[in-house]
Amino acid sequence: MKTFKDGLVFLNGKFVKKDFAIDNNGKITFKISKGVKAEDLKGKKVIPSLFDLHTHTRCPGQEYKEDFDHITKAASHGGFSEICAMPNTKPVADNEAIIDYIVLEAEKFPRCKIYPFGSMTVNLEGKKLSRMGLMKQSGAIGVTDDGMCIQNTSTMVKAMQYASTHDLFIMDHAEDINLSSQGQVNEGETSYKMGYGGIPEIAETTVILRDIELSRYLEIPIHITHVSTKRSAELILKAKADGVQVTFDITPHHLSFTEKDCLGFNTDFKVNPPLRNEKDRKFLVDLVKRGKVDAIATDHAPHAEFEKEFAFNNAPFGISSLDTAFVLLYNTLTIKAKIPLEKWIEFISSKPRNLLKLPQKELKEGVMANFFIFDSEKKWKINADDIFSKGKNNPLIGKILNGKIINTYFRGKKVY
Amino acid sequence: MKKHLITISDLSKNEIIEIFKQGKVFKDILQRPIKKIPTLRGKTVGLLFFEPSTRTKLSFELAAKRMSADTINFSASTSSLKKNESIKDTIMTLEAMKIDIYVVRHPSPGVPAMITKIIKGSVINAGDGAHAHPTQGILDAYTVWEKFGDVKGLHIAILGDVKYSRVIRSDIEIFLKLGAHLTLCTAKTLMPNWIDPKVKYTTNIEKAVKDADVIMGLRMQKERQDSAIIPDEIEFNTFFGIKNIKIANKKNNYIVMHPGPINRGIEIDGDIADSKHSVINEQVTNGLATRMAIFYALFQG
Amino acid sequence: MKAKNKIMEKIDIMRSLKRIAHEIVEFNKGTDSLIILGIRRRGVPLGKLINEEIKKTEGKSAPFGILDITLYRDDLSTLGEKPKVNSTEINFDINDKNIVLIDDVLYTGRTIRSAIDEIMDFGRPASVQVAVLIDRGHRELPIFANYIGRTIPTKKSEIIKVMTEETDGKWEVWIYEKLDK
């Protein structure tokens, strides 16, 4: 039995001052005996653990970028109890053996739960369908060709139909590769000033339009991940209003940064889709404020230090964001945009769980303790050592942020 | 002046004019029987060319040698430097040899700026991808300044491959800083998605050159034709090449510039490149003089 | 910096320059192979005056040029602020000519060393001579002046300031004392 007192516990959408304990079975209880020794959480927030829809776990095959030990540490450090592993591993998670491997290996690090996604096509080549049914049997929770968006519309139709046959969640990274392949940053002032090819907005919107039309025509739900522009979001909102079963998520970095951050050639700001302009960023933040998004997902993409050094165009895309995603969101959404934490926390916890039809994590009597403790008053400078992920490609290193996660509990045990 | 020269924005307007004035002194020195001065004696200039560029490298090398600096050359195609970390290793190796000024050409924008973070000396950007080529911008603006006495208020028309040009970015920046009016003229496929709002754009070459005091051509890369950007050289030359027929009605005191090497019959016709209006060869001399002035300005004890 | 003494008035300076001009033409036997080079900045107005005096006595002046020795200085790397470079103006052949370098003060000898180096880059003169208004001693190189306006023993902590009409609005020579910071 471990008792906590005076914390602000997130219950039914509100923070209320309440004492609670983790019993010997790792479950939450509010029945506390008087006078026991308790951890003082005065002023600190107790929040049910977070859910990430979009994590590049890199293993198997790219353990030099990330491994299960580091990714589970990073997740628990970031307040997550569940993360979804993207299939662009080496070899690609396009068959049940890889899914089995991920599920079994991840269980060796009981700091968070890893839900693997399978690919839609073999080797992410956009040609032959993956064994989606068998992967689902092995534990795949959804399918995506994330990062290698299926270009051939006919193949996409078949992949969606087949995924739907097995009732798999379909996530698409919308990108017309012919329009984006020469690009390093958002097309416009920044690409001009940096002298790099641009990734135009239309590389994203044309494929979103395609996906919306496919979803409407096939009557199969589709989820568009990491929507980065105002126009993209507008297209999706309009389709939703028309009754199309399309959902979408936004990343913490697209909510927080803009293309201008790339001007210093800092490769840690190089992401795909690229950071867009302030107009886009503001619109996305406003969507969160209005509760119009379906999820916030990290797109955690760790890379080795040497890969992100020097030449911007040679550096791979991605931010190692799992450790700091929640804290960054707190700074962007709550401190800067004045959106209360209670309003947006669901986008990175209950809403994505609903999308995947997974059980919720709540602070309720008798449920397994999965929560983290957040000190919203603490100001701290992020050092490389504070990034538990193997990938140190996080542009927040060296920056001062407000709010720090103090501890994380997973299945009743302190994991951070 | 700042310690490094990466883009034109590292220079104030006054610093640019000062480089021009000093450049004139160095240009005089280049007319002497003995063209060498001892100013940088004992200093070492490292010429790091990660992609071939014979002209720029010769100009920097000669500028350094005219000033009695020692030069060392490191040339490598990027193919032999595929892994990023070897750029860093290369620099650290040279750093151990005590280089005072690095002159860096690299196909990737941003690499010279990155190098400034790991070395003690100064870095001069000798062209990084399509990002910047500040010394070309300086020599181009110097050429105009010397010819007209001032750059302010002049009309400059620039034609050719704008989208992929490193020269254009530095030229636009320096000419705007010095108060010139700029008009670009090229096919829409060769225009970037964004351009400084002070710069005019037209697809009509007659309009572009009508009031121009300076007509500048940019080198057209041959590979553009293969990637559905322009149909072919003949079509490009017909509509956007600097041709006599297009500039027939001009006033008499205009000049024609080109950063070289020129593609005769593509972005500029041979008769114009060889005409009395052409200052293309003088640009080369001016490049040497202004680079000497830049070395002098950057050289720290 | 504190002004200590005015050591020459305009009239003194003019007398010295007149004598130096006479000595130069006497030694060089007229102006036929003579060249006067003023060292920037204050050697230039001094040189011009000397050349005028030469014209008065000989009926014609010598070719006059200007040397800017900035790029030949041996202390560039120790200077914080880089001095601006001005042009050197020698628009005539110096081969086999007798060159007289004109400067305001001869002190360490390093300026003259730089000037000789620069001259050698223009050709091979028959001889190089030096004329200065003030020789204040403390030579660091084996250099001497052939023509001297006035020899003034100084302390190293002192500064000799030659003022010319062109650069300072008046002709005077002063001794200043460097003040401790």
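Model, not experiment: these values are computed from the prediction. In the text below, chain A, chain B and the rest are named by the order of the sequence lines, each starting its count at 1.
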Can you confirm whether more than 12 heavy atoms, excluding those of B/Lys200, are under 6.0 Å from its NZ atom?
no
Between B/Pro192, B/Ala132, B/Ala130, B/Ala113, the one whose heavy-atom pairs under 4.5 Å with chain A are most numerous
B/Ala130
Heavy-atom distance under 4.5 Å to chain B: side chain of A/Ser191, backbone, both or neither?
backbone
Which value, rounded to the nearest 0.5 Å, describes the distance between B/Met114 atom CE and A/Phe312 atom CZ?
8.5 Å
Taking everything shown except A/Glu63 itself, do over 12 heavy atoms lie less than 6.0 Å from its CD?
yes
Shortest non-hydrogen separation from A/Gly195 to B/Arg169 and the atoms involved:
CA-NE, 3.9 Å
Determine, using ring centers only, whether B/His131 and A/Phe265 are less than 6.0 Å apart.
yes
Kindly give the heavy-atom pair with the smallest separation between A/Asn313 and B/Ser108, and that separation in Å.
OD1-OG, 2.6 Å
By a 4.5 Å heavy-atom criterion (distance strictly below it), what part of B/Ile115 contacts chain A: side chain, backbone, both, or neither?
both
Please classify the contact between B/Ile6 and chain A as side chain, backbone, both or neither, with a heavy-atom cut-off of under 4.5 Å.
neither
Is any side-chain heavy atom of A/Lys193 closer than 4.5 Å to one of B/Trp194?
yes
If we only count heavy atoms from C-beta on, is the A/Tyr192 to B/Asn193 side-chain gap below 4.5 Å?
no
Is it the case that more than 12 heavy atoms not belonging to A/Glu234 sit under 6.0 Å from its CD atom?
yes
